[in-house]
There are 2 protein chains.
Amino acid sequence: MEADQDFAAILRDSGNRMTGPRRQVWEVVRLADSHLTAEEIAARVHAKDSTVNLASVYRALALFSDLELVRESNLGDGDAARWELAHPDEHFHLVCRRCGAVDHHVGRLVEEIREHLSGGHDFYAENIELVVTGLCQRCATISEQPIRP
Amino acid sequence: MEADQDFAAILRDSGNRMTGPRRQVWEVVRLADSHLTAEEIAARVHAKDSTVNLASVYRALALFSDLELVRESNLGDGDAARWELAHPDEHFHLVCRRCGAVDHHVGRLVEEIREHLSGGHDFYAENIELVVTGLCQRCATISEQPIRP
DNA sequence: CTCCTTGCAAACCGTTTGCAATCGA
DNA sequence: TCGATTGCAAACGGTTTGCAAGGAG
């Protein structure tokens with residue numbers, strides 16, 4: 001399929017080799033329903049090939065990040081980083097502090113922030129990370145007691 | 001001084017004790033010129049009392065965070081968390097990817113984000129963390145080679 | 001006198017790294 | 001062939017925790 005050819009070409013053109021671990025990590029991230037942690041990605045890769053090591057997943061993700069194929073998000077605290085396809089759309093994350101659910105929201109907000117920053121600040125913004133913590137609809141109606149303290 | 005009385009009162013009223021480590025961590029954070037890591041806070045506390053342990057600094061910061069006296073910021077990657085007085089003003093962080101400098105910028109932007117979120121989203125926003133990564137003025141003019149790769 | 005708080009050291013957890021073996025081009 | 005890449009296991013760095021000793025109220 002086309003995306004795979006692109007992927008292979010990007011690897012080749014950047015002087016990197018196409019390998020099993022890389023192909024599988026790419027497939028998982030590409031088909032992911034949401035932002036996954038490295039462990040989650042490794043688990044899904046494992047389902048297809050149990051010999052792939054977690055370290056290789058990290059290395060593949062780091063490479064893809066350099067190639068701007070994927071993007072890393074840090075949602076605060078000691079939580080593990082999340083990985084997603086690079087920029088299907090600029091979006092931000094909504095993290096529920098009670099149930100831990102991570103939602104993402106696409107909209108113009110990040111673009112507006114980028115525009116806001118482009119004037120007046122002595123800073124060249126490249127990456128904008130917006131994380132909103134609070135309560136999701138369901139948790140807000142149920143209780144204030146945190147599930148994960 | 002008044003702020004210290006407030007501090008003591010807040011501790012007492014919340015059922016916590018006033019102790020040396022807590023007072024000193026509070027002083028450091030209150031007088032800080034910028035957002036400090038736990039290690040930096042510990043170092044400054046150490047200058048006054050070298051018996052205070054890093055673990056106690058973390059425990060004091062966690063307590064102050066619960067009491068909403070301070071606020072934790074995670075600036076991404078494996079970087080250490082930063083701590084600052086809770087809400088002198090809503091602001092966001094500018095992190096230079098080359099020299100690592102962390103600047104903060106006060107303005108209406110975070111308020112605007114909060115307003116934006118208040119309509120339409122099925123989410124009750126409590127905390128907004130905006131981290132902008134890029135190049136500071138100086139690094140942008142010097143080189144593209146990252147100092148810290 | 002209580003029991004909250006501390007210092008200490010060890011555990012923890014996500015992530016990174018050194019190394020020899022392996023594999024892609 | 002030969003260097004890039006991997007699996008493995010150990011290291012790393014920031015943060016947390018169990019525990020006995022110490023200190024606040």
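Remember, it's a predicted structure, so these values are computed and weren't measured experimentally. Throughout, protein chains are lettered first and strands after them, A, B, ... in sequence-line order, and every chain is numbered starting at 1.
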* Asked: Would you say a side-chain N or O of A:Y58 is under 4.0 Å from OP1 or OP2 of C:dT16?
  -> no
* Not counting sequence neighbours, which residues clear side chain to side chain contact (heavy atoms under 4.5 Å, CB included) with A:V28? List them please. => A:L36, A:I41, A:R44, A:V45
* Structure fact -> Computed from five pairs at either end and rounded to 10 degrees, the angle between the axes of the helix from C:dC1-D:dG25 to C:dA25-D:dT1 is 30°
* Asked: Atom CD of A:E40 and atom C1' of C:dC13: how far apart are they, to the nearest Å?
  -> 15 Å
* Residues two or more places apart in sequence or in another chain: which of them pass side chain to side chain contact (heavy atoms under 4.5 Å, CB included) with B:T37? -> B:E39, B:E40, B:A80, B:R82
* **Partners meeting ring pair (Phe, Tyr, Trp, His ring centres under 6.0 Å) with A:H46 (sequence neighbours left out)** => none
* Can you list the residues that meet the side chain to side chain contact (heavy atoms under 4.5 Å, CB included) rule with A:N74, with sequence neighbours excluded? -> A:E72, A:A81, B:D77
* To do: Measure from CH2 on A:W83 to P on C:dG14 and round the result to the nearest Å.
  => 15 Å
* Structure fact -> Whole-Å distance, B:D79 CG to C:dT16 C1', equals 14 Å
* Asked: Roughly how many Å is it from CG in B:L61 to P in D:dG14, rounded to a whole number?
  -> 15 Å
* Under the side-chain hydrogen bond (donor to acceptor under 3.5 Å, both in side chains) test, which residues partner B:H93, sequence neighbours left out? -> B:H35
Sort me out a list of protein N/O and nucleotides 5-8 of chain D N/O pairs below 3.5 Å, or just none if empty.
unit_1, atom_1, unit_2, atom_2, d
D:dT5, OP1, A:R17, N, 2.8
D:dT5, OP1, A:R22, NH1, 2.6
D:dT5, OP1, A:R22, NH2, 3.3
D:dT5, O5', A:R22, NH2, 3.3
D:dT6, OP1, A:T19, OG1, 2.8
D:dG7, OP1, A:T51, O, 3.0
D:dG7, OP2, A:N53, N, 3.1
D:dG7, OP2, A:S56, OG, 2.2
D:dG7, N7, A:R59, NH2, 2.8
D:dG7, O6, A:R59, NH2, 3.4

* By salt bridge (charged side-chain N to carboxylate O under 4.0 Å, His left out), which residues pair with A:R12, not counting sequence neighbours? -> none
* Asked: Whole-Å distance between C:dT6 C1' and B:H46 NE2?
  -> 14 Å
* Asked: Within the structure shown, what part of the strands sits under 4.0 Å from B:A81 by heavy-atom distance: base, sugar-phosphate, or nothing?
  -> sugar-phosphate
* Asked: Of all residues at least two apart in sequence or in a different chain, which pass the side chain to side chain contact (heavy atoms under 4.5 Å, CB included) check with A:L63?
  -> A:L11, A:N16, A:R22, A:L67
* Check: A:E84/A:S73 side-chain N/O donor and acceptor closer than 3.5 Å -> yes
